[in-house]
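Data block below; observations after.
Letters A, B, ... are given to chains in the order of the sequence lines, protein chains preceding strands, and every chain is numbered from 1.
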There are 2 protein chains.
Amino acid sequence: MDSTVATGRALDAAEELFYRQGVQTVGMDDIRAVSGVSLKRLYQLFPAKERLVEAYLERRDVRWRERLAEHVEQHEDPERRVVAVFDQLGEWFGEPGFNGCAWINSYGELGATSEPVARQVRLHKAAFKEYVANLVARAGLPADLGEHVFLLAEGAMVSAAITGSTAPAAHAAEATRLLIAAHRR
Amino acid sequence: MDSTVATGRALDAAEELFYRQGVQTVGMDDIRAVSGVSLKRLYQLFPAKERLVEAYLERRDVRWRERLAEHVEQHEDPERRVVAVFDQLGEWFGEPGFNGCAWINSYGELGATSEPVARQVRLHKAAFKEYVANLVARAGLPADLGEHVFLLAEGAMVSAAITGSTAPAAHAAEATRLLIAAHRR
DNA sequence: CGCAGCAGAGAACGCTCGTTCTCCCGCCGA
DNA sequence: TCGGCGGGAGAACGAGCGTTCTCTGCTGCG
């Protein structure tokens with residue numbers, strides 16, 4: 001098996017298991033079993049479990065933000081794009097296997113003990129926040145609104161995870177519409 | 001040592017250690033060392049670590065909401081009370097040792113593996129949400145605003161934890177003021 | 001003063017898990 | 001065909017930890 005293929009399978013298994021069950025309850029042997037990549041190979045590719053966690057968060061970050069951007073860019077109207085963030089979140093919340101925000105969960109689990117993991121979380125949230133800020137700026141709306149939309153999105157993710165409902169996405173979208181309307185006056 | 005005293009010391013130690021370092025990295029022996037309560041006694045009072053975690057979350061829930069209510073009730077104006085939630089959050093965020101929302105962190109760490117812990121988290125968030133909903137209702141504002149304020153609060157907690165800044169409280173407060181103004185028209 | 005019983009200290013047990021090591025098979029070049 | 005070598009399977013090692021057990025000393029009561 002090619003080295004890049006092995007890396008891909010390892011990351012696939014890591015993502016499936018870490019996201020669903022949390023990092024600490026998944027052992028390297030579980031990763032081996034699901035990925036079919038031997039322990040020896042795993043440790044050649046990722047010298048420690050922590051590195052595998054980092055790589056998992058990093059790859060997921062890229063994919064997650066790409067997927068969001070694809071959704072948002074289906075809309076032309078700049079203001080509509082801001083609200084579209086929550087359409088995408090709502091769709092995500094409703095998917096089977098949705099288990100909250102991988103980065104918030106990882107931060108709760110490892111933020112206090114693993115600086116590399118905490119760093120990945122900060123990077124991801126900073127990138128997401130900046131993306132929202134850009135959407136808001138292109139709609140000609142004030143920068144503060146970017147902060148507000150970002151907080152609504154974070155709150156929606158947490159609330160959807162804990163309650164298992166998709167409703168927070170709709171509520172956050174509604175709040176965003178009201179805030180946009182308020183700024184328009 | 002009286003049994004109630006021992007319970008109190010155990011919970012004090014649990015709160016200090018679990019909140020700062022997370023649940024999984026703290027051993028029962030650490031609880032013993034900090035509390036001065038012997039392992040034998042600990043297991044008489046809490047037959048398993050999971051029960052201690054539950055009790056920690058439960059006691060913290062009562063205290064956390066009491067403290068919030070005390071702050072909020074210093075204000076007379078019902079609309080001001082809604083915004084005062086974020087004054088209190090901002091103060092909390094700035095305290096040394098602030099490490100995010102204990103329930104969100106615990107959910108990320110144990111939500112997938114421990115149903116009792118997940119239940120405590122749901123109970124706490126439901127209680128907080130209802131408290132906010134009451135504040136909003138007494139201010140004569142529509143129920144949807146309660147949802148919006150709740151999501152802003154959750155987002156602020158998460159964002160403050162990850163960035164280490166108190167700014168999210170001020171941003172959430174500002175968003176809340178805008179939403180209230182929008183509803184007044 | 002003597003004894004029963006409780007409580008604490010801490011060793012012990014069993015399990016999990018991250019990480020490494022050993023053994024063996026199959027492939028590839030000479 | 002033969003030798004070595006890369007890689008896989010899985011045992012092994014060592015640490016951590018939840019939980020229980022043992023021993024010892026103290027206390028309170030007769």
Residue met sooner reading DNA chain C from 5', once B/R41 and A/Q24 are mapped to nucleotides
B/R41
Mind checking whether A/W64 and A/H124 have parallel, tilted or perpendicular rings, split at 30° and 60°?
perpendicular
Without decimals, in angstroms, what is the distance between A/F46 CZ and C/dT19 C1'?
16 Å
Would you mind reading off the distance between A/L42 atom CG and D/dG7 atom P, rounded to a whole angstrom?
13 Å
From CG of A/L39 across to P of C/dT22 the rounded distance in Å is 16 Å
The side chain of A/Q44 lies closest to which of these nucleotides: D/dA11, D/dT19, D/dG7?
D/dG7
Under 4.0 Å, counting only non-hydrogen atoms across every strand here, what does A/V37 touch: a base, just sugar-phosphate, or nothing?
nothing
Output the rounded distance in Å from CG (A/D30) to P (C/dT16).
11 Å
Without decimals, in angstroms, what is the distance between A/D29 CG and D/dG8 C1'?
13 Å
By nearest atom, which of the nucleotides C/dT22, C/dG18, C/dG8 is closest to the A/K40 side chain?
C/dT22
Would the distance check show the side chain of A/N105 and the main-chain N or O of A/N99 forming a donor-acceptor pair, the cut-off being under 3.5 Å?
yes
What is the distance, rounded to the nearest whole Å, between atom CE of A/M28 and atom P of D/dC13?
21 Å
Rounded distance in Å - CG (A/L17) to P (C/dC17):
12 Å
Determine, for B/Y19 and B/R60, whether the Lys NZ or Arg CZ falls below 6.0 Å from the six-membered ring centre while staying within 45 degrees of the axis.
yes
Using the side-chain heavy atoms of B/Y43, tell me which of these nucleotides is nearest: D/dT20, C/dT19, C/dG8.
D/dT20
Distance alone, cut at 3.5 Å: any donor-acceptor contact between the side chains of B/E154 and A/S159?
no
Given B/S114, which of B/K49, B/E50, B/R119 fulfils the side-chain hydrogen bond (donor to acceptor under 3.5 Å, both in side chains) condition?
B/E50
Of all the choices, D/dT19, C/dG18, C/dT20, which nucleotide is nearest to the side chain of A/K49 once you look at every atom?
C/dG18
In whole Å, what is the span from the CZ atom of B/R51 to the C1' atom of D/dG18?
16 Å
